[in-house]
There are 2 protein chains.
Amino acid sequence: MAASSRAYVSATRSCPTNQLLDRISDKWVSLVVAALSTGPMRYSDLGRKIAGVSPKMLTQTLRTLERDGILTRSVTPSVPVRVDYELTPLGSSLATLLTAVKDWAETNFDEVHAARERYDTDGQDTP
Amino acid sequence: MAASSRAYVSATRSCPTNQLLDRISDKWVSLVVAALSTGPMRYSDLGRKIAGVSPKMLTQTLRTLERDGILTRSVTPSVPVRVDYELTPLGSSLATLLTAVKDWAETNFDEVHAARERYDTDGQDTP
DNA sequence: CGGAATCCGCGCGGATACTG
DNA sequence: CAGTATCCGCGCGGATTCCG
């Protein structure tokens with residue numbers, strides 16, 4: 001086939017399910033979905049709550065998630081434009097899972113941190 | 001060090017918890033942990049089960065997860081060297097969550113796919 | 001306010017080859 | 001079998017600017 005000069009056919013491309021897994025296995029996706037799990041939010045509210053995300057990544061993440069049916073984007077044409085983002089039922093079901101992952105990270109952070117120092121000091125001494 | 005003229009202080013660096021979230025929000029991490037959730041596995045078994053992962057990424061992922069206390073690496077010095085990887089209790093608790101995410105991706109794939117086509121055709125007509 | 005567009009560095013990750 | 005090492009392309013993502 002047309003793999004003459006191009007051999008870039010990785011697992012991500014071959015399996016459609018892995019594509020989706022790769023998409024939701026994204027830091028910004030986790031944070032956005034977790035942020036919206038408590039209710040609808042405006043664009044700048046999300047930017048403030050996530051705190052550190054660039055407008056580019058925020059918009060990009062939101063667009064992708066909207067396209068995937070995870071959330072909806074509703075524009076209110078007021079004097080300053082107001083845009084609200086809200087999880088769909090599909091997105092809510094995902095939010096439950098990703099929030100659990102996020103909670104796990106927060107809960108077990110120090111345990112992981114301890115394991116890291118143990119790994120680093122153990123065997124790496126006497127250079 | 002060498003951060004003299006660098007202004008790259010993103011959310012990932014600022015919040016340690018987000019570092020961990022970013023780490024486990026990785027496609028390979030999901031696949032490896034999910035693969036090991038059914039029991040211990042050897043290196044090449046993992047490579048075959050995940051199917052598409054390069055040795056580099058597999059080793060890199062395994063090393064990182066070992067360092068983080070998610071899994072253990074045990075070497076059996078037989079004639080051909082045998083290395084087994086097994087989830088720690090900490091890793092098992094994570095595996096439950098990540099497997100759920102992986103299952104979600106497989107279950108809702110076609111729904112997401114349908115949402116995508118709807119998004120693409122809707123508004124993108126008559127070029 | 002809520003984006004879109006552009007530039008660009010850096011590192012992720014695939015391919016390949018070699019070691020113990 | 002289980003890695004390690006090297007090269008390198010590509011796209012993620014931060015910074016900046018401008019528009020509706």
Give the nucleotide from the list dA2(D), dG3(C), dG14(D) with an atom nearest to the side chain of K56(A). dG14(D)
Would you say the side-chain atoms of T59(B) and Y43(B) include a donor-acceptor pair closer than 3.5 Å? yes
Would V53(A) and L46(A) count as a side-chain contact (heavy atoms from CB on, under 4.5 Å) here? Give the steps. CA-CA 9 Å; V53(A) 63; L46(A) 283 169; over 6 Å; no
CG of L46(A) versus C1' of dG2(C): gap in Å, rounded? 12 Å
Hey, what bend do you get for the helix from dC1(C)-dG20(D) to dG20(C)-dC1(D) if you fit axes on five pairs at each end, rounded to 10°? 50°
Flag the pair D84(A) and R82(A) as a salt bridge only when some basic side-chain nitrogen lies within less than 4.0 angstrom of an acidic carboxylate oxygen. yes
When the distance from CZ of R82(A) to P of dC1(C) is rounded to whole Å, what number comes out? 12 Å
To the nearest Å, how far apart are I50(B) CD1 and dA2(D) P? 14 Å
Looking only at the side chain of T59(B) (C-beta and beyond, no hydrogens), which of the listed nucleotides dC1(C), dG3(D), dG14(D) gets closest? dG3(D)
What do the steps show when you test R42(B) against V83(B) for side-chain contact (heavy atoms from CB on, under 4.5 Å), and what is the final call? CA-CA 6 Å; R42(B) 301 176 56 175; V83(B) 181; over 6 Å; no
Using a cutoff of under 3.5 Å, can you pull out all pairs of nitrogen or oxygen atoms linking the protein to nucleotides 17-20 of chain C, with atom names and distances?
none

The side chain of M57(A) is closest to which nucleotide in this list: dG14(D), dC1(D), dG13(C)? dG14(D)
Can you give each donor-acceptor pair under 3.5 Å made by side-chain atoms of residues 87-101 of chain A, sequence neighbours left out, with the distance rounded to 0.1 Å?
residue : atom : partner : partner atom : Å
T88(A)  : OG1  : G69(A)  : O            : 2.6
T88(A)  : OG1  : I70(A)  : O            : 3.0
T88(A)  : OG1  : L90(A)  : N            : 3.4
T88(A)  : OG1  : G91(A)  : N            : 3.0
S92(A)  : OG   : T88(A)  : O            : 3.2
S93(A)  : OG   : L90(A)  : O            : 2.6
S93(A)  : OG   : W104(B) : NE1          : 3.0
T96(A)  : OG1  : S92(A)  : O            : 3.1
T99(A)  : OG1  : A95(A)  : O            : 2.6

Which ones in residues 31-39 of chain A lie close to DNA chain C, meaning a heavy atom under 4.0 Å from one of its atoms? none
State, with a plain yes or no, whether a side-chain heavy atom of Y85(A) is found less than 4.5 Å away from one of V32(A). no
Please state how far atom CD in Q60(B) lies from atom C1' in dG13(C), giving the value in whole angstrom units. 8 Å
Check the distance between dG3(D)'s C1' and Y85(B)'s OH and give it to me in whole angstrom. 8 Å
Calculate the interatomic distance between R23(B) atom CZ and dG13(C) atom P; express it in whole Å. 12 Å
For M41(A) and dG3(C), what is the distance between atoms CE and P respectively, to the nearest whole Å? 15 Å
Taking DNA chain D as the partner, which of residues 61-77 of chain B come within under 4.0 angstrom of it by heavy atom? R63(B), R73(B)
If the condition is side chain to side chain contact (heavy atoms under 4.5 Å, CB included), which residues does T38(B) pass it with, not counting sequence neighbours? K49(B)
